[in-house]
Amino acid sequence: MGDIVVSIVAKLAEYTVGPILHHAQYLCCFNNIAGNLPNAKEELELTRNSVKERVEEAIMRTEIIEPAVEKWLKDVEKVLEEVHMLQERISEVSKSYFRRQFQYFLTKKIARKIEKMAQLNHNSKFDPFSKIAELPGMKYYSSKDFVLFKSRESTYENLLEALKDKSVSMIGLVGLGGSGKTTLAKEVGKKAEELKLFEKVVMATVSQTPNIRSIQLQIVDNLGLKFVEESEEGRAQRLSERLRTGTTLLILDDVWENLDFEAIGIPYNENNKGCGVLLTTRSREVCISMQCQTIIELNLLTGEEAWDLFKLNANITGESPYVLKGVATKIVDECKGLPIAIVTVGSTLKGKTFEEWESALSRLEDSKPLDIPKGLRSPYACLQLSYDNLTNQLAKSLFLLCSIFPEDHEIDLEDLFRFGKGMGLTGTFGTMVKARREMQTAVSILIDSFLLLQASKKERVKMHDMVRDVALWIASERGQAILASTGMDPRMLIEDETIKDKRAISLWDLKNGQLLDDDQLNCPSLEILLFHSPKVAFEVSNACFERLKMIKILAFLTSSYKWGSWWTKIPSYRNLSLPQSIESLKYLHTLCLRGYQLGDISILESLKALEILDLRGSSFIELPNGIASLKKLKLLDLFHCFLQTKNAYEVIGRCLQLNELYLYINSYAYEESPHNISFSRLERYVLIYKMYPWHLPTDMLEEHRPTRALCIDGFNASVQSFISLPIKDFFQKAEYLELRYLKGGYKNVIPSMDPQGMNHLIFLKLEYCPEIECLFDSTNVDPLQTEDAFFSLVILRLSQLDNLEEVFHDPSSRCSLKSLEILNIDYCRQLYNISFPKNSKLCHLKVLRIYNCPMLTFIFKPSIVQTLELLEEVRISECYELKHIIEEVEEGSVDYVSSQSHTSLMLPKLGTLTIRRCQGLEYIFPMCCAHGLASLEELDIEECNELKYVFGNEKEHDLRVYQHQSHRQTKVDINLLYLGELHLKSLPNLVEIWPKYCHPRLPNLEKLICQNCPRLSNFFLHMAVIDSNLQPDTTPMEKDILWLVATMFHQLNDQTIAPELKDVLKLKYLNLNDIVGVKGLFKFQISEPGSIRELVPLNMGLVDLTLFDLPELKFIWKGPTNFLSLQMLDMIYVNGCPKLKTIFSPTIVRSLPMLKTLRISNCEELEHIFDSGDSEEFKCLYTCSQQVCFPNLEWIEVENCNKLKCLFYNFVAGHFPSLADLDIADCSQLEKIFAFEHEAGDDGQEGTAKDGEQVLLRNLTHINFTSLPNFKEIHHGFKLTNNFEQTITDCPKYAPSLYLYPEEEMEWSGECSSD
């Protein structure tokens, strides 16, 4: 118990005595405690300074200071400031009257500060103290020199859209070296970072020789990640885990080959797109091999953009000398839109003298590289990297070979092959087929690497001028120097000291054909010699080739390779005589002599090494017999040649060594085609026999370049003997076959010509073959012998086949047409059925054209229509017995498809449908097709006398049947969303376009022509457009108005306008003729009419308005005042609208700036052309208007409008500055043409209004007035001008002589009747 008491007492002492002593210390130990303050302060300051030094060191290491350190420093500064204030108060203690009390409180504060400073000192050991700062990432890259040119905006936007697409994880940006891919990728990355499309955007340069460790380090540096692993695999796994955390965009720049993402640590193609990849490359093949989901090509700059970029880098300003700008524009043109060339050349020339600019231009024009200062990236070195990176040796060789062609030249691949084969380039050995295949692969590599560009035609390529310069430079550096020049005089070659080192000389567009005399052309290593001129003959001396022993390719050309436009007879100024010395060219592989009069060419027999002989478009005496003995000759081109003798077919028949033969001799147009020619080694051929030049299929040959083509006019061999003829192989292996006037009892093509099915055939054209009854007849085919016939057929054209009854007679369905894309049939007068094989899938058919097949009754069976997935164009005309486009079949038939299944018959790609002069056609498509026309853009139906409906058959137009089948009363939408043009002409029995229960939607209709459709009820043209914000029943549906537009917007502009109203405003061309029941065209209803004066006029796109014979029409436009503006209206013609009282109602703004022609006739009730209405506010609006209302109106014609008293009220003369012609006739009440708001007064001031307004119509030069009994004047004070013609007939009150200038002798013709 005592212990407890002692413990309690001790505890009480602790809680009472301790604090008392503590407070006593504040009273007794002031000096002692205050003396400790400076020491504590100094110690804390030392610590603070040490921490600050560490902070500065960390900042210098670009580290970020931990927040705890920054807070500590702030706390220290605050405490030290408070200590400083305490020290000032200590010095004032002795002066205080309450000194003891003051000391107590001050000592207490000092003690606490000392304790606080001690605590801060104690807490100055930080771990961590700082951390490595995150790199700035994309912000590091400057945008000061970046210009987003207009031509690149779409590329920029496409890249951003691809980055936003979560389904796309790999994007390739591809383009020519130096085209700006890296710069654009940086800007897109910055934008993606700014838009927060990714949490991190990281860029890494890959380069030609990828270094995995380097790529990894570039990525982790920007991610703030530290590798602890040493192995590449371990680092890859660590990086992969990091990239799967959050979202990251990796921009991999300058990729040259397929990257191993797993080795680097990049997660590949993950659906959540945690890591997206944008790569830049010069090779499309890289994008494909890396499975880029989106490949975006960066094109070169336009001419204007290139000039702007050059000015920026060369410091060209408005104050720069004119001559300097002239040189500068030529330099820019040489750069051909390549950014690196523009920037580098511009920067190189900045501040240089005019002479240096001219020197630079000269070097660029001569394809010589400029001297690029250090620090600037050479475009030549940049482009050479693309060449050096090529692994295909043939691609490298072809790249250099392309530089022999002139700048901007479209290189035909056939020329490239023939020259490349002649050079014996690596990869061109072996058969011609193999060589062509290798060359095509090499060309594709060059195109994918952007070292070649696709030209305007698929068989041609181009070379960028700067790339061509690099090719010439590389060839020179590698000892393969090329001289390629345009317009050079060949005699200048003697002055070129470097000529002896050239491997190739190509001179283009020569104006002088005189080659060097004697043996002055000393080029011992020359392998290619090419001369081109469309206008001059060449004079070749006998000694010219004496010192050119190594020549492999010799070419004299009037044009590049082509199929058309050859002269039938070569003009005399294109003579070319071959010298005897040509026989010394022992290594000559390719000889091209195109478009010349060659005379005797027997010397060619001596060219034993010759592989390619190209005489295309030339004329000569005869084909030498010795050509057959040239064992190495693989290709003979005699297309469009003219021979004086008839031995060619016989010589060619002995050239069994040939792999390729191109034969059309226009001087043999009357010669029968040989039947006994056979070539076992022939791989490619174009053989045209007995055909006039104007019948040649040159367009097809140029566009499609078939491997094997046979065209024969008048082939005459019996069916029985055909199978034994050697020529049959040409028929059966042909890709293109054209036969005209075929004789010999051929009722079909298959099996008569090929029981195997002609499965090589791609193009087939038959014309004037009167014995053909069907194309394919499977009834006489051995099913075990015949494959699916016409398996490869793409284009089929049948014309003037008088006995053709069926195209395909194929009950056993042995004919396959799955490749067919174009089918043309015309003038086959006995054709009653195309008879597509019942199991054929026309899934590639795009174009169907059928003309003048009067016995044809239908086109497709329903089952076939379901396969027409790609059909784009259908044109049918003059098929008088055609009843249905899609045959109607009985329910239960194998071809029956229910019309209630709206998705069963679809023509999703059909864009153009034209039906003309098909007199028996009752309707166009059943309703099941109408729902599938998602792409229809143009519908044109003309002169179909029996046509009652466009969509839907008789049964489908029966409302009772529809209601019974559907058990509902709702409307059925027909969404023709892309229909822009609807033409209905001369359809006397057309009753309805679509059934009554249908609601058409035509949001893009711009052109509506409806002519001579007298039975067509207005109801079925009626297009009510109701704002989606309104209930349909809030607006009465007036069935006699074509367009009824209702909207609830009270303040309309482009931003707030309803989509339904926008659809109506798109209409550009409206032509209506002979339609009964139309009372109005456009009626606009606004739900809040009290706000009319706030309306902004809406612009309607109408350009051409023609209205004929609309007997019930009462108005064209009706709506709020000043509601519509017709800014684009060019012509209006109104005729035969007897109930129409006004043309332009107050709804229309009276300024028509584009109107040129105004024609009105036979409108008996017409009172006003422009109705100003009764609103005083409206009249006031125009009374003071000085706006030019009709600045382009040139011609006004008005006839038979007997209630018109004046054409134009309340206008000023300045509204008609261009008016030139006035034709007015048969208007019994007309008194004047213009009642201008300002007219000349009675003071005789003619030509000037009271306020100075000119009232003369100074451009009016022609007047024709007829039968105007009340007409008095054109306008008050009107004066005639010079060169004025007028014809006045039966206008008794009009006295034009009163208005002639008295001082001028005016001549006018016509009559003027008087009382």
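Here the structure is a predicted model, which is why all the values come from computation and not from measurement.
Annotation for S560 and H409: closest pair OG-CE1, 3.1 Å, computed over non-hydrogen atoms. Considering every non-hydrogen atom in both I411 and F405, the closest pair reads CG2-CE1, 3.6 Å. In terms of heavy atoms, C853 sits closest to L831 at SG-CD2, 4.2 Å. Looking at every heavy atom in both residues, C711 comes nearest to M691 through CB-CE, 3.9 Å.
For S629 (side chain) and G626 (main-chain N/O), a donor-acceptor pair under 3.5 Å exists by modelled atom type. No donor-acceptor pair closer than 3.5 Å links the side chain of S721 to the backbone N or O of A717. Counting only distance, with no hydrogens or angles, the side chain of R814 and the backbone of T779 share no donor-acceptor pair below 3.5 Å. Side chain of S506 to main chain of I404: a donor-acceptor pair is present (N/O by atom type, distance under 3.5 Å, no hydrogens or angles). For the pair H589 (side chain) and G422 (backbone), a donor-acceptor distance under 3.5 Å is present. At distances below 3.5 Å, not a single donor-acceptor pair connects side-chain atoms of T486 with backbone N or O atoms of P406. Side chain of E660 to backbone of M432: no donor-acceptor contact under 3.5 angstrom is found. A donor-acceptor contact shorter than 3.5 Å links the side chain of S533 to the backbone of L510. Judged by distance alone, the side chain of Q454 and the main-chain N or O of K457 form a donor-acceptor pair under 3.5 Å. Side-chain N or O atoms of R708 include one that pairs as donor or acceptor with a backbone N or O of K733 at under 3.5 Å.
Annotation: salt bridge (Lys or Arg N to Asp or Glu O under 4.0 Å) contacts of E414 (sequence neighbours excluded): R418, R436. In this structure D729 satisfies the salt bridge (Lys or Arg N to Asp or Glu O under 4.0 Å) test with no other residue, sequence neighbours excluded.
Contact check on E527 versus R503 returns a salt bridge, with a Lys/Arg side-chain nitrogen under 4.0 Å from an Asp/Glu carboxylate oxygen. In this structure, E438 does not pair ionically with K434, as no charged nitrogen and carboxylate oxygen lie closer than 4.0 Å. Remark: K747 does not engage E771 in a salt bridge, criterion side-chain N to carboxylate O under 4.0 Å.
Taking the six-membered ring where tryptophan is involved, the planes of W508 and H532 are tilted, since the angle between them lies from 30° to 60°. Note: F731 and F722 have perpendicular aromatic rings, judged against thresholds of 30 and 60 degrees for the angle between ring planes. Between H640 and Y664, the two ring planes are perpendicular [angle over 60°; tilted spans 30° to 60°].
Ring to ring, F808 and F776 are not that close: their centroids are 6.0 angstrom or more apart. Between H675 and F715, the ring centre distance stays below 6.0 Å.
Among pairs with a residue in residues 712-723, those fulfilling salt bridge (Lys or Arg N to Asp or Glu O under 4.0 Å) read D713-R740, at least two apart in sequence or across chains. Identified under the salt bridge (Lys or Arg N to Asp or Glu O under 4.0 Å) test for residues 667-683, with sequence neighbours left out: E672-K690.
In this structure the side chain of F620 reaches within 4.5 angstrom of the side chain of L615, judged on heavy atoms. Side chains of Y851 and I825 form no contact here, defined as non-hydrogen atoms less than 4.5 Å apart.
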Stepwise ring pair (Phe, Tyr, Trp, His ring centres under 6.0 Å) check, Y689 with Y649 = CA-CA 10 Å; Y689 296 110; Y649 289 160; 5.4 Å; yes
Test ring pair (Phe, Tyr, Trp, His ring centres under 6.0 Å) applied to Y685 and Y662, step by step = CA-CA 6 Å; Y685 55 84; Y662 305 90; 9.2 Å; no
Salt bridge (charged side-chain N to carboxylate O under 4.0 Å, His left out) between E410 and K462: does it pass, once the steps are laid out?
-> CA-CA 5 Å; E410 293 196 354; K462 292 193 304 184; 5.2 Å; no
With salt bridge (charged side-chain N to carboxylate O under 4.0 Å, His left out) as the test, would you mind laying out the steps for D415 and R594 before giving the verdict?
-> CA-CA 12 Å; D415 275 337; R594 287 190 198 148; 2.6 Å; yes
When you look at L623 and L638, which way does the side chain to side chain contact (heavy atoms under 4.5 Å, CB included) test go after all the steps?
-> CA-CA 10 Å; L623 190 66; L638 298 176; 3.9 Å; yes
Residues L578, L604; criterion side chain to side chain contact (heavy atoms under 4.5 Å, CB included); working and verdict = CA-CA 9 Å; L578 299 178; L604 300 183; 3.8 Å; yes
Stepwise side chain to side chain contact (heavy atoms under 4.5 Å, CB included) test for Y596 and N575 = CA-CA 6 Å; Y596 291 99; N575 288 334; over 6 Å; no
Table please: side-chain donor-acceptor pairs of residues 790-800 below 3.5 Å, with sequence neighbours left out.
residue: S792; atom: OG; partner: N759; partner atom: O; Å: 2.9
residue: S799; atom: OG; partner: D826; partner atom: OD1; Å: 2.6

What donor-acceptor contacts under 3.5 angstrom involve side-chain atoms of residues 696-704, with partners at least two apart or in another chain?
residue: E702; atom: OE1; partner: W563; partner atom: N; Å: 3.2
residue: E702; atom: OE2; partner: R705; partner atom: NH2; Å: 2.7

